[in-house]
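These figures come from a predicted structure and were not determined experimentally. Each chain gets a letter, A, B and so on, in the order the sequences are listed, and its residues count up from 1.
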Amino acid sequence: MDNEVAVATGDAMEHVEYVESDANPSGDTVGNVKSDDAFISAEDVNVYYGDNHAIKNVTLEIGRQQVIALIGPSGCGKSTFLRCLNRMNDSIDSARVTGRITLDGEDIYAKNLDPVLLRARVGIVFQKPNPFPKTIYENVAYGPRIHGLAANRSELDQIVHTSLERAGLLKEVKDRLDEPGTSLSGGQQQRLCIARTIAVNPEVILMDEPCSALDPIATAKIEDLIDELSENYAIIIVTHSMQQAARVSQRVAYFHLGKLIEVDETSRIFTNPQHKLTEDYITGRIG
Amino acid sequence: MNRDTSISTRDKVAAGLRKRHRSELTFRAFGFIATAIGILFLAVFFWSLIAQGYTAFSQTYLTLDIEFSEEALAPGGQLDLEYADFDGVVRQSLRQLLPDATDRRARREMNRLVSIGAGYQVRDAIRDDESLLGTTQTMRVPAASTVDMVMKGNIDRTLPEEQRTASDRQLAWIDQLAEQGRLEMGFNTALFTNGDSREPELAGIRGAVMGSLYMLIVAIAVSFPVGTAAAIYLEEFAPKNRWSDLIEVNINNLAAVPSIVFGLLGLAVFINWIGIPRSSPLVGGFVLSLLTLPVIIIASRAAIKAVPPSIREAALGLGASKMQVVGHHVLPLALPGMLTGAIIGMSRALGESAPLLMIGMVAFIVDVPAGFTDPATALPVQVYLWADSPERAFAERTSAAIIVLLAFLLVMNLTAVILRKRVERQW
């Protein structure tokens with residue numbers, strides 16, 4: 001699939017007459033990869049799937065209480081980069097990550113770091129809503145339960161209620177917490193997955209195209225939710241919707257063929273992109 | 001696009017429609033015929049089985065007036081209930097009913113009308129209650145299988161005498177006894193309460209049923225935990241490389257190994273090397289678990305593979321450890337499939353006889369096994385043993401044993417289906 005995309009975007013490159021000597025010969029990212037109050041920082045990250053070099057020399061800092069949107073054409077590596085941040089790539093045998101990623105100064109690929117602890121601190125919401133085939137209550141209670149976050153039943157109840165409330169779902173499901181999570185609508189299921197993630201009280205939330213399977217109304221609800229959550233969490237969201245990136249994020253990172261082409265403040269990216277590829281993408285000439 | 005082709009899409013599709021419909025119709029007809037043939041064979045199988053076997057569930061009983069006198073029980077003198085002449089008492093009461101048997105040969109023929117089980121019955125009665133001594137009791141004792149066959153019409157009276165198991169004289173006596181109301185048909189309790197016997201009227205399947213039950217307990221206790229653990233390890237934990245491919249191929253091959261080979265392996269390893277008693281349900285169960293392991297592993301792996309990866313990712317993303325992902329999410333969803341695998345494996349184990357022949361479970365065993373190390377046999381082996389017996393009465397008992405075997409299978413599968421329904425979850 002990646003090869004297919006490479007061919008397709010190769011055509012696009014020809015079309016925009018992009019050559020290596022253009023703009024930045026070294027392939028460095030343009031814009032500003034640094035962030036104030038950096039919480040996550042990636043330095044020279046490379047990801048390989050077997051022989052496939054999926055991420056090439058990506059350096060990026062992400063601040064506390066910041067929403068950063070990762071955009072780019074399909075197969076450009078933005079989801080792969082996202083999954084590096086909580087080591088979800090570990091379960092793929094052929095995946096290999098080099099470089100250095102730190103969370104609050106701590107190397108997350110260090111030998112003595114347990115991915116279980118990392119994932120409790122860096123939560124993830126997936127593209128397709130994937131509630132457990134259990135009750136709504138059990139879905140939200142699962143994280144706190146395995147991590148032992150609640151001392152007793154009433155504390156657990158409290159966590160479940162607050163999480164559902166913050167995910168904007170409590171009103172809709174209050175009276176049917178013991179019904180299966182899979183009985184909810186698509187948008188509700190995705191908010192349930194968000195509630196499940198924030199129930200663990202992580203420091204960072206990763207979102208991998210969380211609205212791609214949802215209708216505009218459900219999408220609007222999730223976007224409102226991201227706004228609210230950004231007060232407490234660093235949020236990294238992969239999206240295909242430029243409008244969504246413009247609405248929810250403070251910074252935007254544009255990926256192309258595994259390279260991080262440009263990072264800057266959202267307003268600057270959409271009004272005055274520095275790199276030709278970024279401009280072509282946001283104006284709809286690549287994608 | 002270019003619309004101005006000479007034949008439009010509509011005409012092209014319409015031209016091919018009839019052919020498509022015809023092929024669908026042909027296939028449906030073929031499928032229907034195949035199903036009908038299958039059902040027909042099944043019906044014939046059940047009909048012949050039940051028609052052959054149902055008579056085995058009833059048995060002819062003879063009503064005798066038994067005289068529990070000291071002199072009849074101990075013709076030589078001192079009465080000892082260990083060695084008394086119980087058969088003699090039975091013969092004596094039969095002789096009173098049929099006084100025309102005077103010479104030795106006639107008496108011997110007459111004695112063959114009653115089962116040797118009658119003597120045992122008399123012995124048990126007097127041992128249970130010694131106050132019977134000196135009284136005369138009316139007892140219902142099993143008739144010999146020859147009588148039973150005559151009563152059931154399985155012996156052709158028109159054949160010349162030397163080709164019949166019942167002589168002319170015996171036939172006359174049977175008619176005489178029937179006229180007196182001394183012969184009656186009753187439910188064949190011996191079939192369910194006794195172990196095997198050389199006398200058809202005393203032979204039962206209880207020993208074989210218990211043997212099969214003990215073996216299945218051992219087999220499920222060994223193969224289900226081992227099989228599911230292996231499947232979980234191979235699917236969830238083992239690295240995918242050339243070694244795991246090799247293991248996978250070998251497990252699949254193992255499932256196709258002829259079962260008698262497992263019997264030889266069991267003989268060599270379990271009996272000769274480890275020293276488990278031969279003919280015991282324990283060794284039988286171990287051999288059967290070797291047989292069912294590949295089936296359970298393959299089915300369990302398929303069930304684990306069928307759990308959507310999104311569920312695993314969701315749990316991993318929340319910070320669940322690998323073991324928690326498996327225990328909390330994968331296993332509950334895969335359990336119905338694993339149980340199905342176990343049912344298929346156990347059904348196969350219940351029907352196996354070839355490997356059991358190798359480990360001595362084909363022996364003639366009269367006692368009902370009381371534990372895992374007692375000598376035992378199994379239902380399919382019992383079927384084989386009875387099918388091999390020359391007595392006419394064993395033919396119907398063979399069919400009856402098959403019916404019981406199928407009923408056993410049905411009960412087992414039904415339990416498993418109910419169990420599976422209970423653990424199955426809604427998505």
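- Counting non-hydrogen atoms of other residues, nucleotides and ligands closer than 6.0 Å to CZ of Phe32(B) gives a total of 12 or fewer.
- Across all their heavy atoms, Tyr142(A) and Ala320(B) have their closest contact at OH-CB, 3.8 Å.
- Here Asp114(A) contributes atom CG and Ser321(B) contributes atom OG; the two are 8.5 Å apart, rounded to the nearest 0.5 Å.
- Interface check for chain B: of the options Ile124(A), Ile146(A), Val200(A), the most heavy-atom pairs under 4.5 Å are formed by Ile146(A).
- The pair Lys128(A)-Glu313(B) does not meet the salt-bridge criterion, since no charged nitrogen lies less than 4.0 angstrom from a carboxylate oxygen.
- To the nearest 0.5 Å, the span separating CG on Leu318(B) from CZ on Arg145(A) amounts to 13.0 Å.
- Contact between Arg119(A) and Leu316(B) at its shortest, heavy atoms only, is CD-O, 2.9 Å.
- Only the side chain of Arg83(A) has a heavy atom closer than 4.5 Å to any heavy atom of chain B.
- Residue contact with chain B, scored on non-hydrogen atoms closer than 4.5 Å, involves the backbone and the side chain of Val116(A) alike.
- If you measure heavy-atom distances from Pro131(A) to chain B, the contacts under 4.5 Å come from the backbone alone.
- Heavy-atom distances place no part of Val125(A) under 4.5 Å from chain B, backbone and side chain included.
- When all heavy atoms of Pro133(A) and Leu333(B) are compared, the closest pair comes out as CG-CD2, 3.6 Å.
- The distance from the OG atom of Ser91(A) to the CD atom of Glu236(B) is 10.5 Å, given to the nearest 0.5 Å.
- The two residues Ala314(B) and Arg196(A) make their nearest non-hydrogen contact at CB-NH2, 3.3 Å.
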